[in-house]
> 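Okay, here's the structure, questions in a sec.
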Number of protein chains: 2
Amino acid sequence: MNSLRLTVNVVIFSLREDALQVLLTPANTQTWALPEKSVEPDESLEQSALAAFSRLPRPPEIYLEQLYTYGDPGRIPGQRIVSAVYFALIPMDVRGTESGAMAWHRLDRLPGLAHDHAEIIAYALRRLRYKLEYSAVGFELLPDEFTLSELQQTYETILGEKLDKRNFRRRILEAGIIEATPHRRSGDGRPAQLYRYRPDAVAEVKARRLFP
Amino acid sequence: MNSLRLTVNVVIFSLREDALQVLLTPANTQTWALPEKSVEPDESLEQSALAAFSRLPRPPEIYLEQLYTYGDPGRIPGQRIVSAVYFALIPMDVRGTESGAMAWHRLDRLPGLAHDHAEIIAYALRRLRYKLEYSAVGFELLPDEFTLSELQQTYETILGEKLDKRNFRRRILEAGIIEATPHRRSGDGRPAQLYRYRPDAVAEVKARRLFP
DNA sequence: AGAATAGTGTCTCTCAGACATTATTTG
DNA sequence: CAAATAATGTCTGAGAGACACTATTCT
């Protein structure tokens with residue numbers, strides 16, 4: 001008989017329609033909320049987090065990381081709920097994510113949010129931007145094979161600033177964390193070389209910010 | 001009637017006797033443990049963390065930050081305890097910290113530790129080293145006024161490597177995050193200029209690693 | 001041929017890192 | 001004056017950032 005409840009929330013980011021978006025679930029007629037799940041006595045926090053957005057095609061390609069645990073009494077009126085919040089990235093080519101009533105929302109046009117969820121999302125975004133600068137997290141939002149232009153657009157969208165094309169390519173390629181595949185992608189203009197991420201090369205990422 | 005319990009643990013670091021040390025409490029005759037406290041329904045996680053090492057002289061000079069929440073079923077045999085772990089730094093001149101049976105232990109000579117506490121401490125140390133590179137956290141371990149040699153020794157002790165004196169001074173001073181005080185400290189040789197930390201200048205710290 | 005996107009190289013400037021000697025105080 | 005610690009400046013190399021044109025494909 002403990003009047004304290006433990007839940008897990010997940011901030012799920014993806015790039016959709018050239019914008020960074022979060023997956024939300026309706027809280028009531030006015031507001032939306034982060035996907036949530038009670039932590040069962042026999043399941044790990046990470047398992048709970050994955051269960052919070054279970055219906056997805058969920059291959060290894062989902063990046064999941066613990067973000068922060070929110071537990072102030074009063075963060076949810078009338079109840080004492082401690083929430084371990086996780087942070088997830090879904091590649092832009094994964095479909096069928098809007099299971100049930102969940103829907104994607106652009107970060108620059110967020111709806112009204114329940115409790116402290118706006119604050120949580122703001123923090124998750126800061127963390128995503130920050131991680132982008134010193135880790136290889138950007139690739140978790142891309143398909144297995146991607147062009148350098150797509151990679152650059154991903155960085156630009158998340159950081160909210162334009163990057164120089166030549167410098168971007170030089171640094172990414174010199175870092176050795178991607179490699180060309182035998183494929184090319186045809187589109188409007190000249191077809192582009194496709195690259196793939198080399199997870200084995202990530203160990204080399206230093207605290208020094210290797211890529212843009 | 002929830003069979004899941006929520007506690008807070010604190011990894012408390014300080015520099016004592018020229019070594020980085022952790023404050024531990026005896027778990028049984030063989031092993032030691034991180035200070036721990038159950039989270040009460042009406043108190044915040046941070047309040048619980050502070051209460052976990054309450055008897056200290058506790059002015060504003062204690063740095064406290066949430067580290068990670070450990071919650072795997074099975075991390076503590078026979079019970080399901082979820083622990084929000086905090087990370088604290090105590091300046092080296094604060095005395096009277098060994099209240100009760102708590103004692104400082106050098107990180108290079110840790111005793112046997114309960115449950116997953118060795119893993120937790122290892123993670124906290126990684127985080128401390130990492131933060132030292134891009135934030136001003138090093139000052140939280142020093143007295144209000146300190147010499148440049150003391151500051152450098154702090155960095156060297158935590159990072160576990162020697163740093164170049166001239167480069168260290170140049171970078172710290174150019175960063176503008178410390179200022180000379182009117183005082184000097186006499187010792188064995190030539191007296192040293194005392195400096196003080198300028199918390200207002202910390203906002204300028206970028207992701208780019210300003211100091212050594 | 002024109003539209004669209006991919007792909008490429010150089011220069012400059014800043015900053016990190018290596019390095020040794022002089023200055024001030026105490027006993 | 002000897003011992004101890006504090007304080008100081010220069011050079012070099014690597015890498016970040018600014019910058020504009022050519023190449024390939026499709027219609």
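So that the names make sense, note that chain A is the first sequence line, chain B the second, and so on, each numbered from 1.
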> In whole angstroms, how far is the C1' atom of dG17(D) from the CD atom of Glu161(A)?
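Atom-to-atom, Glu161(A) to dG17(D), this comes out as 12 Å.
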> Test Arg106(A) against Glu17(A) for salt bridge (charged side-chain N to carboxylate O under 4.0 Å, His left out), laying out the working first.
CA-CA 9 Å; Arg106(A) 299 174 57 113; Glu17(A) 295 151 25; 5.5 Å; no
> Nearest whole Å is fine: how far is dA7(D) P from Leu151(B) CG?
12 Å
> What is the distance, to the nearest angstrom, from the CD atom on Gln152(B) to the P atom on dG17(C)?
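My rounded result for the distance is 13 Å.
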> Describe, in one word, how the ring planes of Phe13(A) and Phe87(A) are oriented to each other, choosing from parallel (under 30°), tilted (30 to 60°) and perpendicular (over 60°).
perpendicular
> What integer distance in Å separates Leu163(A):CG from dG7(C):P?
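Checked: the CG to P distance equals 17 Å.
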> What protein N or O atoms touch nucleotides 9-11 of chain C N or O atoms at under 3.5 angstrom, if any, and at what distances?
none

> Separation of Tyr195(B) atom OH from dA6(D) atom P, in whole Å?
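Value for this atom pair: 12 Å.
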> Salt bridge check: are Arg185(B) and Glu145(B) linked by an N-O gap of less than 4.0 Å?
no
> Figure out the CD1/P separation between Ile172(A) and dA6(C), and round it to whole Å.
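Spelled out: CD1 on Ile172(A) to P on dA6(C) is 16 Å.
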> Among the candidates dA16(D), dT24(D), dA7(D), find the nucleotide nearest to the side-chain atoms of Arg171(A).
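Of all the options, the side chain of Arg171(A) is nearest to dA16(D).
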> Checking Thr181(A) side chain against His183(A) main chain: does a donor-acceptor pair fall under 3.5 Å?
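At least one qualifying donor-acceptor pair exists.
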> Ignoring backbone atoms, test whether Ser149(A) places a side-chain nitrogen or oxygen under 4.0 Å from the OP1 or OP2 oxygen of dT5(C).
no
> With no hydrogens and no angle check, is any side-chain donor or acceptor of Thr157(B) less than 3.5 Å from a backbone partner on Gln153(B)?
yes
> 5'-most contact on DNA chain D: Arg190(B) or Gly189(A), nearest heavy atom basis?
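Looking at DNA chain D, the more 5' nearest nucleotide goes with Arg190(B).
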> What integer distance in Å separates Ile178(B):CD1 from dA7(D):P?
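It works out to 10 Å between those atoms.
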> Nearest whole angstrom, please: distance from the P of dA6(D) to the NE2 of His183(B).
18 Å
> Does atom CG of Asp164(A) have more than 12 heavy-atom neighbours from other groups under 6.0 Å away?
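For Asp164(A), atom CG is crowded (more than 12 foreign heavy atoms under 6.0 Å).
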> Classify Arg184(A) by what it touches in the nucleic acid, base, sugar-phosphate, or nothing, heavy-atom distance under 4.0 Å.
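Sugar-phosphate, no base atom in range.
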> Can you tell me if CG on Asp93(A) sees more than 12 non-hydrogen neighbours from other groups inside 6.0 Å?
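For Asp93(A), atom CG is crowded (more than 12 foreign heavy atoms under 6.0 Å).
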> Want to settle it: does Lys165(B) or Gly187(A) sit nearer the 5' end of DNA chain D, counting the closest nucleotide to each?
Lys165(B)
